[in-house]
Chemist: 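Quick one: this structure, given as structure tokens, is what I'll be asking you about.
Predicted model only: the values in this text are computed from it and were never measured. Numbers restart at 1 for each chain; the letters A, B, ... are given by sequence-line order, proteins then strands. Only heavy atoms go into these numbers, but all of them, side chains included; no hydrogens, no water, no symmetry mates.
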Number of protein chains: 2
Amino acid sequence: MNGTAMVGTERAGARLETDRRRLPPEERQQQIVDTAVRFFAEVGLDGKTRELAKRLGVTQSLIFKYFETKQDLIEAVYARVYLERISPDWPALIGDRSRPIGERMSIFYRDYGSRIFDHDWMRIFMFSGLAGAELNKRYLNHLSKTLLEPILEEVRMAAPNTAEPTLEDLWSLHGGIVYLGIRQHIYQMPVPGDPQHEIDRAIARFLRSFDIEGP
Amino acid sequence: MNGTAMVGTERAGARLETDRRRLPPEERQQQIVDTAVRFFAEVGLDGKTRELAKRLGVTQSLIFKYFETKQDLIEAVYARVYLERISPDWPALIGDRSRPIGERMSIFYRDYGSRIFDHDWMRIFMFSGLAGAELNKRYLNHLSKTLLEPILEEVRMAAPNTAEPTLEDLWSLHGGIVYLGIRQHIYQMPVPGDPQHEIDRAIARFLRSFDIEGP
DNA sequence: GCATTTAATGATCGTTCGATGAACAAGATC
DNA sequence: GATCTTGTTCATCGAACGATCATTAAATGC
């Protein structure tokens, strides 16, 4: 199970797969982080460096050539995993009043779901949250400020002035959607085959309760 | 740094409250489980028995007099914590058609919330879920069968025959409510001071989206 | 082909883990 | 107050942990 690219020199295939492979440092470092993401997502941040090394097919000591401490490796895993979860396009999408709010929310949560309904992300986010990492709070605060609050404003614009939605209402909708991923990847329960359909239903119910047409 | 053992009042020969105390086995066992619940909820199931012993003010070896292995202790923690979370009264409440469905759901989730919006429970449930414990699945399946499905039936009874709610709709509502506790106890974020108010809003929105009057 | 550089290994350090068993002492009974 | 029971401590085990460092061998330049 060698996942990485073979190096240019192909010498008549006499090389054993268990050979000691010499990778460019940058490539090796990336490989370690890749594997560490999957590894820590499975077993938790208390996963042992020896087992990680076994998955990598290298010795445990090699890991410490690329990361001074285990904590440094974990930080690299955080950095890797927290990228790719937030798109800079979302604020523009949310504020695009040429489209109905239901459509905007549907597209947003379709994209959002495709990024966070991910085994590794879900579990590492939960592990780090339980460990008290500051990253989770920063992430959620950022989410609230740059996405939920703008959505709230747009929903208010679209709603007849009867009863106004609150930010907590949006957190509730958000929680209901995220809970789909929690059921699947944390509790490992079966979930509906088409999450987007459930998400659209949740959005439609939300908007309908404020007399707004859904997606 | 260790504040457990030292004595403040120096009455030589007098009864020292922090002395090595000899407890009835039943009492000691209960005390260990009590402390272990709080301890594991804080640091996770990988918490070390020596640190737990320090909190108890006893030696580490004493723990193994009452529990053959650490895993046995964890099972005892599970058993302790999973009790008290489900009331036998709920099915009768949910099926009581002399009251409007909104009121029944409000009362149910008020009681449910008072039981699960708990620091120790929330975290241990999440830790054990991440560890792949079978208990979580059993708990959630039980919840679905004995509570969510009956609620679904009652909501359908109360709804005009326009659009029928699904079980997934109820999971979505449930997730939105539970997410309040997750934000508070897992991510340690500030949450609204009156959770019941938010819960009632969520229920009202849910029912309203099916043209039913809320609580 | 030989010297140089440097990934990667292998052996090992000091520490800490869960767990064990002998020794000790608190409390009841007589 | 001597005796007995047993809750608790003390000392320690082997395994496993993160981390270190001298050694080995694959790539590179001359």
Chemist: How are the rings of A:Tyr139 and A:Tyr82 set relative to one another: parallel (under 30°), tilted (30 to 60°) or perpendicular (over 60°)?
Modeler: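 The rings of A:Tyr139 and A:Tyr82 stand perpendicular, inter-plane angle above 60°.
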
Chemist: Under 4.5 Å between any side-chain heavy atoms of A:Lys145 and A:Pro150, yes or no?
Modeler: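 Sidechains of A:Pro150 and A:Lys145: no contact.
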
Chemist: With the side chain of A:Lys65 defined as its heavy atoms from C-beta on, choose the nearest nucleotide among D:dA27, D:dC21, C:dA19.
Modeler: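 Between D:dA27, D:dC21, C:dA19, the one nearest the side chain of A:Lys65 would be D:dC21.
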
Chemist: Could you list the residues that satisfy salt bridge (Lys or Arg N to Asp or Glu O under 4.0 Å) with B:Arg123, not counting sequence neighbours?
Modeler: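 Applying salt bridge (Lys or Arg N to Asp or Glu O under 4.0 Å) to B:Arg123 gives none.
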
Chemist: Which atoms of nucleotides 11-17 of chain D (N or O only) lie under 3.5 Å from a protein N or O atom, and what are those distances?
Modeler:
none

Chemist: Any ion pair linking B:Glu154 and B:Arg104 (charged N to carboxylate O, less than 4.0 Å)?
Modeler: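 Looking at B:Glu154 together with B:Arg104, the answer is yes, because their closest N to O distance falls below 4.0 Å.
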
Chemist: CD of A:Glu68: more than 12 outside heavy atoms within 6.0 angstrom?
Modeler: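 It does not: A:Glu68 CD has 12 such atoms or fewer within range.
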
Chemist: Could you check B:Thr166 against B:Asp169 for side-chain hydrogen bond (donor to acceptor under 3.5 Å, both in side chains), going step by step and ending with a plain yes or no?
Modeler: CA-CA 5 Å; B:Thr166 67; B:Asp169 291 334; 3.3 Å; yes

Chemist: Is a side-chain donor or acceptor of B:Asn136 paired with a backbone partner of B:Phe125 at a separation under 3.5 angstrom?
Modeler: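 Confirmed, B:Asn136 side chain pairs with B:Phe125 backbone.
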
Chemist: Select base, sugar-phosphate, or nothing to describe what B:Pro24 touches, counting heavy atoms under 4.0 Å on all strands.
Modeler: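 Touches nothing.
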
Chemist: Distances under 3.5 Å only, N/O to N/O: pair up the protein atoms with those of nucleotides 28-30 of chain C.
Modeler:
none

Chemist: Does OP1 or OP2 of C:dA7 have a side-chain N or O of A:Arg28 closer than 4.0 Å?
Modeler: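 No.
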
Chemist: Do A:Glu75 and A:Lys70 sit within salt-bridge range, that is, some charged N less than 4.0 Å from a carboxylate O?
Modeler: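 A:Lys70 and A:Glu75: not salt-bridged.
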
Chemist: Of all the choices, D:dG7, D:dA19, D:dC10, which nucleotide is nearest to the side chain of A:Thr69 once you look at every atom?
Modeler: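 Given the options D:dG7, D:dA19, D:dC10, the side chain of A:Thr69 is closest to D:dA19.
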
Chemist: Contact class for A:Tyr66 (heavy atom, under 4.0 Å): base, sugar-phosphate, or nothing?
Modeler: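 The answer is sugar-phosphate, as A:Tyr66 gets under 4.0 Å only of primed atoms, P, OP1 or OP2.
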
